[in-house]
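Written out below as structure tokens is the structure these notes cover.
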Amino acid sequence: MFKNSRIKAAPKVVRTEQAPVAKKPQPLPSKIAFSARRQQQIARSNASSLRSSPAISNRSSPLTSPSEDHELSSRHLQVPKRKPIRQSSPSDRPKFDESDDDEDDSTSFEQPAQKRQKVQDKVGRKRQLRSWKAFSDGDGGKFKMIHAAEIVAPLRKPKAVADTSIEDVIVELQYPSASQRERYDLHFGKDRIDSVGEIIEIAKVVTEVYLTDKQADPFLGQDNGKVIRELEKARNTLRKEPTQSRREDFKKAVDDYNTAIQMLIQDGALAKNLDNRYDLPLKMVQLILKQVYDRAVSPDVDSLRKYEAGSDNVYGELLSPLVDRIFDKTKITSDQVFVDLGSGVGNVVLQAALQIGCESWGCEMAPNACKLAKAQKKEFKARCRLWGIATGEVHLVADDFTTNRPIQDAMKRADVILVNNEVFSSELNHTLNLLFLDCKDDCKIVSLKSFVPEGHQITARNIGNPANVLDVKKLQYYRGDVSWTDAGGDYYIATKDSQRLADFER
Ligand SMILES: C[S@@+](CC[C@H](N)C(=O)[O-])C[C@H]1O[C@@H](n2cnc3c(N)ncnc32)[C@H](O)[C@@H]1O
């Protein structure tokens, strides 16, 4: 990443921490391209006054549509490889079972009986998981959300719609709360959302997370478990024979599932069980975030490819397995504050609010990303209510984080700040470095490019350098961790530590 020989020659103070999986990251051709482009940018800009630097002042306004936008080239960070269609190419996306993180083995569905009882302390025991609103039917549990059936319908080809042998088979799925049911269209194999697959996945997560061993027995138990087996059986026959009557069979299996889960909801069992938990397994977090993304972002995902080439607004995403490890490494807890600077469509902000339950802030200036972030936030709120989960507060600000007051106030309170600055200009990274001076001690700054030059040491001549108050560690990410490359790379966690400078000055 660092091509500058001056930096390479300096003695190393950056500690390298071995990540758990011994996969060797591939070289990053895209990074070489970024680096070359950055060298040109640095040569062009004169590193003069920060605020008037071309990279900042020429940035397009968040309120205007980027007229000079270009389609991204393969040398740029790319829009996630998430397919807006059903999971027909699962190898393109990180699968739940393929996580590189061998530190967390708590999310397998294979042995629910043992795993279900395991209460982890990851997010802190202060977290209240149950959403009281979701379990009270005061307003009839009705609210606006994007039903899976609504996503499916517009994609169906006119010919298929005209084909009278294909009738709609709409099923309604009960979630683990007093909320309304979600409508799914059972057309198999043609849809943006894999309705059948998603319903079974939801049923398994609900069984694992919301039920005690005894309650789960009729769903998944070795001897009596029937409810989920019936769903899987109906799915398998529907796959072989995609007819109307097989769809009706699947619908019947869903109805049986609904009846069984409804009884437990009415008993108060699910709410009680949630009160005995403090965290959510990553699989459940990923499932909810995928549901939100599929409904709010995927239909319009192409709009994220429109940005000014070579600008700070090049788009790419950190994916949930890496974000999960970042939460682990920074030890963020539910009573803390998380900030994502340049938050795109808000994925990481939502993951923090859901998985950790903390107050979670994002700031994004690209208009298309802001529009999708707003849609995600709305759907996220609705979906968490469906699942009966209380999340941390979500704040998504549509503005420039170098000038926006609320986000800078949040930075001062933040415990963890993420900045996916892989392709930020050196001027923007320098501006950020100055903003970090206002962060509180012990705040963790997670970035793709280090804010501390490799080999940096405090000397009498660089006493004013903002890097002097950061203690940085280099870590590695792997295949499936980011949207723009299949290879791995480096990322950094810097801890704000004013004492380093104080010690030097003493
Ligand atoms: C690489 S994307 C990262 C998205 C998200 N944080 C993630 O990691 O999944 C970086 C984002 O930062 C945004 N950005 C760049 N400069 C910004 C600024 N000054 N204020 C707000 N957003 C900015 C870009 O528009 C882009 O969407």
Side-chain angles (χ1 to χ4, degrees), residues 30-31 34 50-51 53-66 69 72 76-82 94 289 293 297 301 303-327 338-352 360-374 376 395-408 410-411 416-435 445-449 477 480-485 489 491-492:
S30 55
K31 287 192 176 177
F34 295 145
L50 280 171
R51 305 258 163 196
S53 69
I56 296 168
S57 57
N58 289 350
R59 218 175 291 128
S60 54
S61 153
L63 300 173
T64 56
S65 60
D69 288 351
L72 83 171
H76 297 144
L77 287 184
Q78 295 189 1
V79 168
K81 287 187 178 168
R82 296 165 187 262
L289 294 176
Y293 194 98
V297 177
V301 76
S303 70
L304 293 174
R305 295 199 176 91
K306 293 179 182 146
Y307 48 74
E308 194 181 334
S311 71
D312 290 323
N313 301 116
V314 173
Y315 192 76
E317 290 175 355
L318 301 190
L319 302 179
S320 56
L322 175 59
V323 176
D324 176 54
R325 291 207 305 284
I326 289 171
F327 293 158
F338 174 82
V339 174
D340 182 0
L341 298 174
S343 46
V345 298
N347 293 343
V348 187
V349 177
L350 299 183
Q351 186 168 344
S360 196
W361 288 76
C363 184
E364 172 58 53
M365 68 185 295
N368 290 338
C370 288
K371 189 174 152 220
L372 294 179
K374 196 171 165 198
Q376 279 224 102
H395 304 267
L396 292 173
V397 180
D399 202 358
D400 182 336
F401 56 65
T402 64
T403 52
N404 183 272
R405 177 63 56 201
I407 202 72
Q408 291 183 6
M411 283 173 73
V416 177
I417 296 176
L418 169 74
V419 48
N420 181 346
N421 59 343
E422 175 82 40
V423 294
F424 283 4
S425 64
S426 50
E427 290 84 0
L428 183 54
N429 280 326
H430 186 58
T431 304
L432 281 167
N433 234 342
L434 294 177
L435 288 173
I445 298 153
V446 184
S447 61
L448 276 273
K449 280 230 153 95
Y477 65 82
D481 276 343
V482 300
S483 70
W484 60 89
T485 174
Y491 74 101
Y492 300 84

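Counting starts at 1 for both ligands and their atoms, in listed order.
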Legend entry - ligand 1-proximal atoms of F424, by part, heavy-atom distance under 4.0 Å: side chain
Legend entry - Contact check, side chains of D324 and Q351, non-hydrogen atoms, under 4.5 Å: yes
Legend entry - Check: V349 and H395 side chains under 4.5 Å, non-hydrogen atoms: no
Inset, instruction - Please state which part of D340 comes within less than 4.0 Å of ligand 1, counting heavy atoms only: side chain, backbone, both or neither. - result: side chain
Inset, instruction - Could you check if a side-chain atom of W361 sits within less than 4.5 angstrom of a side-chain atom of L396, using non-hydrogen atoms only? - result: no
Legend entry - Side-chain donor-acceptor pair present, E317, N420, cut-off under 3.5 Å: no
Inset, instruction - Take every heavy atom of D400, measure it against each atom of ligand 1, and state whether any distance is under 4.0 Å. - result: yes
Inset, instruction - Using non-hydrogen atoms of the residue, decide whether V314 is closer than 4.0 angstrom to ligand 1. - result: yes
Legend entry - Pairwise side-chain contact, N347 with L318, heavy-atom cut-off 4.5 Å (strictly under): no
Inset, instruction - May I have the step-by-step check of side chain to side chain contact (heavy atoms under 4.5 Å, CB included) for F338 and I417, ending in yes or no? - result: CA-CA 6 Å; F338 174 82; I417 296 176; over 6 Å; no
Inset, instruction - Pick one of side chain, backbone, both or neither for how D399 approaches ligand 1, counting any non-hydrogen atom pair under 4.0 Å. - result: backbone
Inset, instruction - Measure from atom 8 (O) of ligand 1 to every heavy atom in N420, T431, V323, I407 and give the option owning the shortest one. - result: N420
Legend entry - Whether L428 lies under 4.0 Å from ligand 1, heavy atom: yes
Inset, instruction - Looking only at non-hydrogen atoms, find the nearest pair between V348 and F327 and report the distance. - result: O-CZ, 4.4 Å
Legend entry - Closest to atom 25 (O) of ligand 1 (judged by heavy-atom distance), picking from E364, Q351, E308: E364
Legend entry - Whether V482 lies under 4.0 Å from ligand 1, heavy atom: no
Legend entry - Atom indices of ligand 1, in the order listed, that fall short of 4.0 Å to a heavy atom of L318: 7 (C), 8 (O), 9 (O)
Legend entry - N/O separation below 3.5 Å, F401 to ligand 1: yes
Inset, instruction - State, yes or no, whether a side-chain contact exists between W484 and E422 at a heavy-atom distance under 4.5 Å. - result: yes
Inset, instruction - Could you check which of G344, G316, S343 puts a non-hydrogen atom nearest to atom 2 (S) of ligand 1? - result: G316
Legend entry - Subset of ligand 1 atoms that lie under 4.0 Å from at least one heavy atom of A366: 25 (O)
